[in-house]
Every structure is written in C-alpha cells, then in structure tokens.
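Only this structure's heavy atoms are used, side chains among them; waters, hydrogens and symmetry mates stay out. Every value quoted in this text rests on a predicted model; they were computed, and no experiment measured them.
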Amino acid sequence: MSTGTVMIRPEHAESDGTPLMWWLNTSRRWTQPRPINVYVIEHERGLVLFDTGQDRASVTEPDYFPSGFAGHIYRRLARFEIAPHETLTRRLERLGCDIADVRVVVLSHLHQDHIGGLPELAHAKIIVHPADWSEIHRRFAAENGFLTRHIDLPELEWEFISPSPVDDPALAPFTAAHDLFGDGTLTLVHTPGHTPGSMSLLARQAGMPPLLFVGDLTYDRFRLDAEKLPGVGHRRRLLASTRAVNEFARRNPGSTVLAAHDPGAAAALSAAMGQTVVS
C-alpha cells in the first residue's frame, strides 16, 4: 500500500555521476509522482510492516522540516502529496486491518519517508540496524537525511538488529542474516549503500515465490537489473548490494524484488501473489 506520492529529482532516481549537492541545487526537473510504499505481511504472530511511509504532518505542519540550510535541502530533495485518507492507520483500515494488530515494524532505513508512521506505532516493536541508529545522533544528522526528533520518540520500543554470519545456501550470496521469528518466513539481510544500515527483508512461504523488499536500494526493478544506481548514498556499497540482490534473484527464478518507490511494485506483487494488491 502507499502512503501518498513523492516527486524527486531524476538524478536522485538514477545517478548521472555528478555529486549530490551539485544536482540537488541545480536540477530543475522532477520525476513523475512515485508511490511511498509500505509492505504489510500477515504472520501468525501478528501483522508485520516493512517501512511506515511518510507522515502527513510533513505536508500540513509548517515546522515539520528544519529551517536554515537543512530546510533548503529538504525543499530541493522531494515534493510530497499525502491525502487525509493516506495515513498509515487509514491505509491499513482499507486493507481490513487494525493498526493495533501490528506487532513488528522493520525499517529499511531511517529517512523521513520510511519513518512517517512511527507516531502511530507505540504498541509495536520497531526494528532498525544499529548503523542507522548511530546516524541520527551524529552532528548534522538532519542535513544527512535523518530527522531525529521524528525518529527518537520516547514512547517507542526499539530493537537494534545487525544480521549475523550464516551458512545457508538458500540465502546465497548473502552470508549474514537475521531470522525474525525463527521459522524462516521473514529474514533480514544487510544491504548498505543508501544508508549505512539499510536492510532488506526476504519473505518466504511454501507455494509462493520469494519476495525481497529492498527499500531505497533502487527506484525500480529495471534500474536494478541494469545496475543503475540512485544518486543518494555510497556508490561502492550501493553497487555491491545491488549485485548481491541481483545474484539472489538469479539463483531464485520467479523471485520478486520490491522497492519503496517503484511505480510497478503493486503490479509485480499482484502477479507474485496471484491477487489484486491495494496500492
């Protein structure tokens, strides 16, 4: 499901080799609106979310974003459209779900359009990689994409998970992982690059193709396949993670890779699930 839409710079979706601060300040173009996807997984222990979308307060409250130079960065970086019915709670209701039934939330990383639903999730366990948690407490965190005051909320229950070494041929080429429930259905792998702690979530169930949720590792599957990297992140790590995801997909024919802002994600998920997906 999608909690609104976002327009970004073309150089954000696909790097042309110019430095981030150059294209951020000189680009005059925006992409077409892209979804802000949240993935909802039904597990016997309760609902699991992969990411939480963008907070509607970001388009209704003038002081949601910082002022000064940091504010300038956010104004240049993205434009959001979020209707009243596109909050996390309302979107879950459309699926026939109650947000109170969410037990676990996995955050691919801690950028604003992935943490927007946190104020609605004080009852759930929030999982993040410790490398991203470290980023929110560094100097100039806001300038680097981390809005600490919207993340480090006192009412939230956090769990910091760093995937551990594993020897599992079914996960190759990934050599480190974390099994969320110990049943093999939901497995976290570290895919750094967009941020130091970016993680992807592998969902596996008998009779279904593997689903790999990759956050902002890519902005659509076609760019991923062609190893065309986003303009935000550490290029070498992005490339290594991209190649690992592509190798996993090659080893697992029929697997579906789902990104946070891929306009084709809903259709790809519908095809994989054999049913219509709410977008």
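For the pair Leu202/Val189, no side-chain contact is recorded, criterion being any heavy-atom separation below 4.5 Å from C-beta on. In this structure the side chain of Tyr219 reaches within 4.5 angstrom of the side chain of His12, judged on heavy atoms. Inter-residue side-chain proximity for Pro66 and Arg149 is flagged as unmet; no heavy-atom pair is nearer than 4.5 Å. Inter-residue side-chain proximity for Val38 and Arg91 is flagged as unmet; no heavy-atom pair is nearer than 4.5 Å. Between Val48 and Phe181 there is a side-chain heavy-atom pair separated by less than 4.5 Å. Looking at heavy atoms from C-beta onward, Leu118 lies in side-chain contact with Leu107 at the 4.5 angstrom threshold. Annotation: side chain of His85 is not in contact with side chain of Glu93 (no heavy-atom distance under 4.5 Å). A 4.5 Å side-chain heavy-atom check between Leu171 and Arg204 finds at least one atom pair inside the cut-off.
Rounding to the nearest 0.5 Å places CG of Leu121 at 10.0 Å from CD of Glu155. Here OG of Ser27 is found 11.0 Å from CG of Leu77. Values are rounded to the nearest 0.5 Å. In this structure, NE2 in His123 is found 7.5 Å from CG in Asp101, a value given to the nearest 0.5 Å. To the nearest 0.5 angstrom, Met199 atom CE is 8.5 Å from Ser162 atom OG. The distance from atom OG of Ser200 to atom NE2 of His109, rounded to the nearest 0.5 Å, is 10.5 Å. Rounding to the nearest 0.5 Å places OG1 of Thr256 at 10.0 Å from CE of Met273.
Checking side-chain atoms of Arg76 against main-chain N and O of Leu24 turns up a donor-acceptor pair under 3.5 Å. Remark: side-chain polar atoms of Asp179 are paired, donor with acceptor, to backbone N or O of Gly184 under 3.5 angstrom. A donor-acceptor pair is defined here as one N or O able to donate and one able to accept, closer than 3.5 Å; no such pair exists between the side chain of Arg237 and the backbone of Thr195. Without hydrogens or angle criteria, His261 side chain to Pro35 main chain gives a donor-acceptor distance under 3.5 Å. A donor-acceptor distance shorter than 3.5 angstrom exists from the side chain of Asn25 to the backbone of Met21, with no hydrogens or angles considered. For Thr148 (side chain) and Ile136 (main-chain N/O), a donor-acceptor pair under 3.5 Å exists by modelled atom type. For the pair Asn37 (side chain) and Ala260 (backbone), a donor-acceptor distance under 3.5 Å is present. Here the side chain of Ser108 pairs no donor or acceptor atom with the backbone of Ser198 at under 3.5 angstrom. Of the possible donor and acceptor atoms, one in the side chain of Tyr39 sits under 3.5 Å from a partner among the backbone N and O of Ala259. Within the 3.5 Å criterion, the main-chain N or O of His114 finds a donor-acceptor partner in the side chain of Thr52.
Members clustered with Phe222: none, using a 4.5 Å side-chain heavy-atom cutoff among hydrophobic residues.
Of all heavy-atom pairs spanning Phe248 and Ala170, the tightest one is CE1-O, 3.6 Å. Here the shortest heavy-atom pairing between Gly4 and Ser2 reads O-OG, 2.7 Å. Across all their heavy atoms, Ile36 and Gly53 have their closest contact at CG2-CA, 3.9 Å. Summarising the geometry of Pro196 relative to Glu135, their closest heavy-atom pair is CG-OE2, 3.8 Å, with the distance given to 0.1 Å. Asp55 and Pro119 make their closest contact through OD2-CG, 4.1 Å (heavy atoms, listed as atom of the first residue, atom of the second, distance). Counting all heavy atoms, side chain and backbone alike, Phe50 lies closest to Val214 at CE2-N, 4.3 Å.
Just one residue in the list Asp220, Asp262, Asp113 forms a salt bridge (charged side-chain N to carboxylate O under 4.0 Å, His left out) with Arg34, and that residue is Asp220. The side chain to side chain contact (heavy atoms under 4.5 Å, CB included) with His194 is formed by just one residue from the set Leu229, Thr218, Asp216; it is Asp216. Checking Phe65, Tyr64, Tyr74 one by one against His150, the ring-ring contact (aromatic ring centres under 6.0 Å, His included) holds for a single residue, Tyr64. Looking at Thr87, Leu88, Leu92 one by one, the single match for side chain to side chain contact (heavy atoms under 4.5 Å, CB included) with Arg90 turns out to be Thr87.
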Checklist entry - When you look at Arg103 and Lys125, which way does the side-chain contact (heavy atoms from CB on, under 4.5 Å) test go after all the steps? => result CA-CA 6 Å; Arg103 292 291 176 265; Lys125 180 184 294 183; over 6 Å; no
Checklist entry - Could you go step by step and tell me if His43 and Thr185 meet the side-chain contact (heavy atoms from CB on, under 4.5 Å) rule? => result CA-CA 9 Å; His43 192 274; Thr185 60; 3.4 Å; yes
Next on the checklist: salt bridge (Lys or Arg N to Asp or Glu O under 4.0 Å) for Arg243 and Glu247? Distances and angles first, verdict last.
Outcome noted: CA-CA 6 Å; Arg243 288 176 172 171; Glu247 176 63 13; over 6 Å; no
Item to check | CA sep, side-chain torsions, deciding dist, call: Phe160, His129, ring pair (Phe, Tyr, Trp, His ring centres under 6.0 Å) | outcome: CA-CA 5 Å; Phe160 309 110; His129 194 286; 10.0 Å; no
Item to check | Full working for side-chain contact (heavy atoms from CB on, under 4.5 Å) between Thr191 and Phe174 | outcome: CA-CA 9 Å; Thr191 48; Phe174 298 107; 4.0 Å; yes
Checklist entry - Can Thr3 and Ile82 be said to form a side-chain contact (heavy atoms from CB on, under 4.5 Å), step by step? => result CA-CA 7 Å; Thr3 61; Ile82 306 166; 5.5 Å; no
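Open room surrounds CD on Gln32; 12 or fewer heavy atoms of other groups in view lie less than 6.0 Å from it. Environment of CD in Glu81: sparse, with no more than 12 heavy atoms of neighbouring residues, nucleotides or ligands closer than 6.0 Å. Shown here is Arg235, whose CZ atom has no more than 12 heavy atoms of other residues, nucleotides or ligands within 6.0 Å.
In the hydrophobic clustering of ILVMFWY residues, with side-chain heavy atoms under 4.5 Å counting as a link, Leu212 and Leu188 come out apart. Grouping the Ile, Leu, Val, Met, Phe, Trp and Tyr side chains by contacts below 4.5 angstrom, directly or via other members, places Leu238 with Leu224. Linking Ile, Leu, Val, Met, Phe, Trp and Tyr residues whenever their side-chain heavy atoms come within less than 4.5 Å places Phe213 and Leu180 in a single cluster. Under the 4.5 Å side-chain contact rule for hydrophobic residues, Leu20 and Phe69 share a cluster. Both Ile126 and Val40 sit in one connected hydrophobic cluster of ILVMFWY residues. Membership requires side-chain heavy atoms under 4.5 Å apart, directly or through other members.
Relative orientation of the Trp133 and His137 rings is perpendicular, given thresholds of 30° and 60° on the angle between their planes.
Between Glu86 and Arg56 there is no salt bridge, since no side-chain nitrogen of the basic residue lies less than 4.0 Å from a carboxylate oxygen of the acidic one.
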